[in-house]
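Notes follow once the structure below has been shown.
Convention: sequence-line order gives letters A, B, ...; per-chain numbering from 1.
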Amino acid sequence: MRDPIFPHCHLLGIEGLSPLEINRLLDLSDPYVAQNRGSDKASKNLKGRTVVNLFFENSTRTRTSFELAALRLGANVINMQIGSSSVSKGETLIDTAVTLNAMHPDVLVVRHPQSGAVKLLSEKVNCAVVNGGDGSHEHPTQALLDALTIRRRRNKIEGLKVAICGDVAHSRVARSNFYLLLTLGAEVRVIAPRTLIPSELDRLGVQTYTDMREGLRDCDIVMMLRVQNERMTGSFIPSVREYFRFFGLDREKLALAKPDALIMHPGPMNRGVEIDSDVADDFERSVIREQVELGVAVRMAILELLANNLSAKRVDSDGEE
Amino acid sequence: MNGDQPVKTAYTGARLLDPTSGLDAIGDILTDGEKIVAVGPNLFDSSPPADVTVVNVSGLCAAPGLVDMRVQIREPGEEHKESLRSASQAAVAGGVTSMVCLPNTDPVLDDEATLEFVARRARLHALTKVYAYGAATKGLEGKELAELGLLAEAGALGFTDGTVGIADAQVMRRLLSYAATFNLMVVQHPEDPSLAGNGVMNGGETATRLGLSGIPREAEIIMLERDMRLVEMTGGRYHAAHISTAESVEIIAQAKQKGLQVTCDTAPFYSALNELSVGDYRSFAKLSPPLRSEEDRQAIVEGLKSGVIDVIASDHSPQDQDSKRLPFAQAAYGGSGLETLLAVSLDLVHNEDLSLLGLLAKLTSIPAKLLRLDAGQLRKDAPADLLFFDPGIGWKVIGDNFKSKSKNTPFDGRPVQGKVIKTVIDGRTVFDAITNADPA
């Protein structure tokens, strides 16, 4: 049977999900946190199922997290890291999708440097697709693991003031977090230099600040984004040291947030660029390592849920024939 | 040459529509060979003479065949996307009898030999009259002037770098000055490339949501503002292609008020659609310039109403599946436009923004006049290029049914009202929706 609350075949993004659906995903993730902390981490819920990690962009952390999640559920996992080399061979995204689909995977986890590419691919396959990050669009599992981290620490998300700081223009993490946090009733602030704030961002429902001292005031959560140098096609910021001076998180700026404000970062961190090591490694405040930990649990829940929905769908369509 | 129809043909009982004379009355058209010999109400006292073939077109509108001043044909170079033959089949199905193609073929139309090659291929294979713009700069690179005089002698109707804006102010200045020698117009794609950057759709909320790089409206506005200064400085003839923003309409209006030789067109895409058509990364709605905001779309409609926008052109940009079935940022720009030109433009009449004659002027007589073509009129001695259509018939745009090789229409699935029934060029029927005969 399909999950009654989250009956979807794919997880392509957070936009459009209801609070009920988001909370369902978080609720399903929670038990895996404890399981992952125990000595017996194995379950057989996805025994015999195939998960393919299809990464068109370099990734160690997200891919490893998905791989571990699938292995702990007993699934067979294949990693395909497709760099720019195979694009030059001329195979299109859709050809790759059709080829993989012919091998009957159950879940495809896809990361792609182009916004919208994962959705395009999902239209050409009949397995479940998880968006592992598409261009500057969405990275839904990251937002879910962030939400789970916040929820476990603060017991709620509604009403919290969350500051998201950094390269919002190019960040898929930022977009998924906007949708998720706003849907669950948080107040979302964006703090960034104006060159890294995309146009009409305020229409998404977030408040924008260009001064960290104003933006951080009374915040419950400070989420730092990686300054994605590799994405910068032009010169958005004059220099790293100037960026750190005005937008890097250090003790002094952090003091403006609530005294118990949590520090988050999706990783990998550029120490000394967007975040000072001193705060990043502060056990009292920084939950950056916990984010990584919970990422596995969230991905386990999602892989299992989508694989089960897929089985139900296959049974349904068999019945129709 | 004219084996399939007798020399004299009478089209009887149509609603005659000639924007130039203002004729709007039930009547008849008599053609003899390639020319119209008579047009008007009650042409025949009782019945037409015996040596005339009678075609009863009562209940239909009769207008001059459409003159489409902006069409991309992929021949030579990318015939798998569109050939002269397939483009002309699409054109006649859309009621277009004359079309002007851009020089952005491969090789580009920047010398007389290539221009003559296209003219010869068109004579052999095209159903419509095909004209071309010459390249404004060599290789469309925006650096050195192409041989404008020689291109003009070979029949170029104007000069343009096609889908690329001429960014260098000095080049544009010299181009306008030099082209003025031949009194031909410079057709600009008004978009500042440095400001457009790596943008792929209109900058704004939708782009921000989708995580796509935006092209700010200012890329078009700034280029137009600069160009107006250069037109004033040089006294050249300037035509802005497919304008898409509210400010563009204002800028052109001011230039006209100053008495500059400036004209412009837009495409049905920009009067009928806005950026929301991109929806969930629909690459068929990836156009250049990008579809803009709803306020811009409304301003474009206003510009058409006020007459600031002179012409509606299809901006036909055929792309094959492989160029469009890609992640949005990688997909090619452009929409197939010939077969929806009239039907979508007729929305402006159905919505009472334009009169039928007012709309037809923008599709026939005005572009013909700008291009100095003997076309776009229903009058004695004019070429018998005729369009018969029913403005009331509703149908649904389905790209897969297009005659064009490329099915990339942003109007796919859109219900429209108004159908081309018959197209006649130089007295010969080249399209008939009833018999659907392809006069191959």
(request) Would you mind checking which part of A/E138 comes under 4.5 Å of any heavy atom in chain B, side chain (CB onward), backbone (N, CA, C, O), both or neither? (result) neither
(message) If I measure from the heavy atoms of chain B, does A/F178 come under 4.5 Å with its side chain, its backbone, both, or neither?
(response) neither
Does atom [atom1] of [X] have more than 12 heavy-atom neighbours from other groups under 6.0 Å away?
X: A/R61; atom1: CZ; answer: yes
X: A/I78; atom1: CD1; answer: no
X: B/R173; atom1: CZ; answer: no
X: B/K305; atom1: NZ; answer: yes

(request) Please list, in residue-number order, every residue in residues 199-211 of chain A that has a heavy atom less than 4.5 Å from any heavy atom of chain B; write 'none' if there are none. (result) A/S199, A/E200, A/L201, A/R203, A/L204
(message) Taking every non-hydrogen pair under 4.5 Å, which of A/V118, A/D134, A/L120 racks up the most with chain B?
(response) A/L120
(message) Heavy atom to heavy atom, less than 4.5 Å: which residues from residues 277-297 of chain B reach chain A?
(response) B/D280, B/Y281
(request) Determine which residues belonging to residues 200-217 of chain B lie within contact range of chain A, meaning some heavy atom pair is under 4.5 Å apart, and list them by number or answer 'none'. (result) B/G203, B/G204, B/E205, B/T208, B/R209, B/L210, B/G211, B/L212
(message) According to side chain to side chain donor-acceptor pair (under 3.5 Å), who are the partners of B/D168, at least two apart in sequence or on a separate chain?
(response) none
(request) Please say which of A/D95, A/I94, A/T92 ends up in a side-chain contact (heavy atoms from CB on, under 4.5 Å) with B/R325. (result) A/I94
